[in-house]
Protein chains: 4
Amino acid sequence: MPRAERERQMLDAAVRVFGERGYRAASMDEIAELAGVSKPLVYLYLNSKEELFTACIRREAQALVAAVRAGVRTDVAADRQLWDGLTAFFAHTAEHPDGWAVLHSQARSGGEPFVAEVGVARDEIVAFVTALIAEAAGEAHQDPVRAEREVAGLAQAVVGAAEALAGWANTDPSVSAREAATTMMNFAWSGLGNLMAGRRWSVPS
Amino acid sequence: MPRAERERQMLDAAVRVFGERGYRAASMDEIAELAGVSKPLVYLYLNSKEELFTACIRREAQALVAAVRAGVRTDVAADRQLWDGLTAFFAHTAEHPDGWAVLHSQARSGGEPFVAEVGVARDEIVAFVTALIAEAAGEAHQDPVRAEREVAGLAQAVVGAAEALAGWANTDPSVSAREAATTMMNFAWSGLGNLMAGRRWSVPS
Amino acid sequence: MPRAERERQMLDAAVRVFGERGYRAASMDEIAELAGVSKPLVYLYLNSKEELFTACIRREAQALVAAVRAGVRTDVAADRQLWDGLTAFFAHTAEHPDGWAVLHSQARSGGEPFVAEVGVARDEIVAFVTALIAEAAGEAHQDPVRAEREVAGLAQAVVGAAEALAGWANTDPSVSAREAATTMMNFAWSGLGNLMAGRRWSVPS
Amino acid sequence: MPRAERERQMLDAAVRVFGERGYRAASMDEIAELAGVSKPLVYLYLNSKEELFTACIRREAQALVAAVRAGVRTDVAADRQLWDGLTAFFAHTAEHPDGWAVLHSQARSGGEPFVAEVGVARDEIVAFVTALIAEAAGEAHQDPVRAEREVAGLAQAVVGAAEALAGWANTDPSVSAREAATTMMNFAWSGLGNLMAGRRWSVPS
DNA sequence: AATGAATGAGAGTTCATTCAT
DNA sequence: TATGAATGAACTCTCATTCAT
């Protein structure tokens, strides 16, 4: 069996085990067994537990970012872009719960190297959202030089809210990606105040 | 030394070590040493690593919930209540970074028993926010029977956004609890759409 | 059982196993079993295989040097001092074959840290012999400023010859320490040329 | 590439790695890589790590013995023969430090099979020296039936001293083969006693 | 109330060795 | 002739936990 395919198998198994157990509690034995190979082969291809986990983080992060990017067309309005991105995000996390667990829960509790690794991907998403907000602000011809810091905070809040909703949606399988994205847009775009006043958001045509 | 005080010392040490290292990577040796007692005493008082971690989660969760509760007066408007709660929340997490790390990062990656334990506290906060939203909806005389499910989703998003902002604020010490709370209210209460339109939120008098 | 005694037991076992198998081939399992304790205890007291081996080298080297020193009186002639030292040396190595194996064979093949460690003790012995030779040269009123380098070479040769004879004597148990020392003195003190001419050396009265 | 040459490459690499690391610490991976071939080929040609090490010992031992033999003419006086042999010995060990390390340090700590293997070559050298001493004794018309045992002891001492000087000379590159051989002859042939009395040895004409 | 002494179980990692090609 | 792919077995080291005092 060619090396590339074996490596994919190993990463699949590793993502699953790391996602379920966490970095420390996962054992290389279990990963190797789930991948259907011997432990030494895992070491031959991926060098160490740390590198294996890093490789998992990297692969899952890139897949998630790619999925979001693929879901967004840049030639539409900002709210539509945000809605498309959120839909893609919720769909991807729902389809890859272990990958999402690795990124969201496990990588963050594993200490420096992993936090940094997952931070890179998160920053990419945050940058995407930041650009959207800035663009929307431009569209609205409002205060074009909004303080970077405020926009950064808002982007963090958007991403955090989306992450929380992803966890919520993954817990309750009856929640679809569309519903999660709609809730998110209602929350983020309209604001609770508007919602309370009866003004809700809907997908722009 | 009386038992209660010894136990507090141990929990302090445990929260610190668990917060920094995570459940699995933390060692009872290090906790005992940091607490200034021998390991058997830790076992005598707290029985096992699992129970010790559970005790940490419980104590820190109660402290956080209590802090938020203490910051909120129930005889004011909903947005004011939310703002007060957020301010208390950000202030508390900033003052207890290890406790916050235990609740936010570490407990979630430790598997079933701990996730459930921290879930209880989170649900309490979510319930608080849910009640606020429902109350606000009532105040606004809008759609008084808003679907529970939608409100639940919104509450999750609010809490998630607040958690993300807490992480952001703890990373950058120049961000005060007030600033984080303001960003949060601008985001959540006014909504991005309103912000873009130049309508921003400010602390109600 | 008190810690000091346990540590001695462990070192005894370690010297035996290291002496027989060598540093790499020795297993901590075997050492622990021979010492009659569990492996973790060995690690608790001696930290690592490397430190354990270093402790063995140090203990055995000090014992050997002490034995040689104890066998020599400094108020007698140089040849007598040399003979006494050699006798003590051969007696000690014969009584502690594993310790001698650790110092002579195993420590030298284990790489930098151990070579350096055993080098310290060897240098002490070489310095002792160097001083003897220098003193003898002084006694004989000959060339009092003999080049340090030549004396150093001679001392190396003396120690090397003694080491070889120790190995030879340990292999053949019928060779006593006295006989080895006598052979050594005949060789070193009289020289092969004198031996060939029928002049041999005998213990000075 | 013809088999013989490949084998030589492998032995060269093996001697280098074994010399530096020792038998156990050397890895077949490193040897194969240094030899520029794949691991299975090493096994195809040399069967096992043990046989490979044995082959190294044998080759290096034969090379050393051959070098000493080549340096000695048997039609000269015994002291001259010894001096010639020592010069050749020191020159060879200086030129082949890894081979010398294999023979002197590594083979001795590897347990039975290797000790025996290197013992064969050592015995050959010892026999050569023994014959020299016996011949010299005959030349000197002294006690022609000197006890074998004593001669054997002397030969061991000579070889041991030479080995020690080889190590000394290899450590300090400013020591030439000639100087080491001269020191050795002064020590062994004249004896320390004579040296002290001002009688030194010089190369016989 | 408190601890020094001790361990069973299991972790990550490495290595000599073999097979199919 | 030569190798990429693969592994069984063994190693060092760690840790939660307990007992005797």
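In the text below, chain A, chain B and the rest are named by the order of the sequence lines, each starting its count at 1. Just the heavy atoms: all of them, side chains too, but no hydrogens, waters or symmetry mates, feed the values below.
Taking atom CE on C:M10 and atom C1' on E:dA5, their separation rounds to 10 Å, with Å as the unit. Rounded to whole Å, the distance from CZ on D:F53 to P on E:dA16 is 13 Å. Per the geometry, CD belonging to A:E50 stands 15 Å off C1' belonging to E:dA11, to the nearest Å. As rounded to whole Å, 13 Å separates atom C1' of E:dT18 from atom CG of D:N47. One atom, CD of C:E51, and another, C1' of F:dT14, lie 16 Å apart when rounded to the nearest Å. For A:E7 and F:dA5, the CD to C1' distance is 13 Å, given to the nearest whole Å. The CG atom of B:L46 sits 14 Å away from the C1' atom of F:dA16 (whole-angstrom rounding). Rounded to whole Å, the distance from CD on D:E5 to P on F:dT1 is 14 Å.
Taking all atoms of both residues into account, the shortest heavy-atom contact from D:L64 to D:L103 is CD2-CD1, 4.0 Å. When every heavy atom of A:T171 is checked against every heavy atom of A:G167, the shortest pair comes out as OG1-O, 2.8 Å.
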Please tabulate, one pair per line, all N/O donor-acceptor pairs under 3.5 Å involving side-chain atoms of residues 34-45 of chain B, not counting sequence neighbours.
| residue | atom | partner | partner atom | Å |
| --- | --- | --- | --- | --- |
| B:K39 | NZ | B:D29 | OD1 | 3.3 |
| B:K39 | NZ | B:D29 | OD2 | 3.3 |

List, one per line, each side-chain donor-acceptor pair under 3.5 Å for residues 9-21 of chain B, sequence neighbours excluded.
| residue | atom | partner | partner atom | Å |
| --- | --- | --- | --- | --- |
| B:Q9 | OE1 | B:R6 | NH1 | 3.4 |
| B:D12 | OD1 | B:R59 | NH1 | 3.1 |
| B:D12 | OD1 | B:R59 | NH2 | 2.8 |
| B:D12 | OD2 | B:R8 | NH1 | 3.1 |
| B:R21 | NE | B:E30 | OE1 | 2.9 |
| B:R21 | NH2 | B:E30 | OE2 | 2.9 |

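Listed by chain and number, the residues in a salt bridge (Lys or Arg N to Asp or Glu O under 4.0 Å) with D:E124 are D:R69 (sequence neighbours excluded). Evaluation of the side-chain hydrogen bond (donor to acceptor under 3.5 Å, both in side chains) rule for C:T93 yields no partner, not counting sequence neighbours. Taking B:E51 as the reference, nothing meets the salt bridge (Lys or Arg N to Asp or Glu O under 4.0 Å) condition, with sequence neighbours excluded. Looking at residues two or more places apart in sequence or on another chain, you find no side-chain hydrogen bond (donor to acceptor under 3.5 Å, both in side chains) involving B:H96. Under the salt bridge (Lys or Arg N to Asp or Glu O under 4.0 Å) criterion, C:E7 pairs with C:R3, not counting sequence neighbours.
Under the 3.5 Å distance criterion, the side-chain polar atoms of C:K49 are left unmatched by any main-chain donor or acceptor of C:S27.
Residue pairs meeting the side chain to side chain donor-acceptor pair (under 3.5 Å) criterion with at least one member in residues 112-123 of chain B, sequence neighbours excluded, are B:R58-B:E117, B:R122-B:Q156, B:R122-B:E163.
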Table of protein N/O atoms under 3.5 Å from nucleotides 6-8 of chain E N/O atoms:
| residue | atom | partner | partner atom | Å |
| --- | --- | --- | --- | --- |
| E:dA6 | OP1 | C:R6 | NE | 2.9 |
| E:dA6 | OP1 | C:R6 | NH2 | 3.2 |
| E:dA6 | OP2 | C:Y45 | OH | 3.0 |
| E:dT7 | OP2 | C:S38 | N | 2.9 |
| E:dT7 | OP2 | C:S38 | OG | 2.8 |
| E:dT7 | O5' | C:S38 | OG | 3.3 |

Practice task
Under 3.5 Å for both distances, Watson-Crick or G-U wobble, that's the pair rule; now give the dot-bracket for DNA chain E, with | marking pairs to another strand and [ ] for crossing ones.
Solution key: .||||||||||||||||||||

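Using a 4.0 Å cutoff on non-hydrogen atoms, the parts of residues 17-35 of chain A near DNA chain E are A:A26, A:S27, A:M28, ordered by number.
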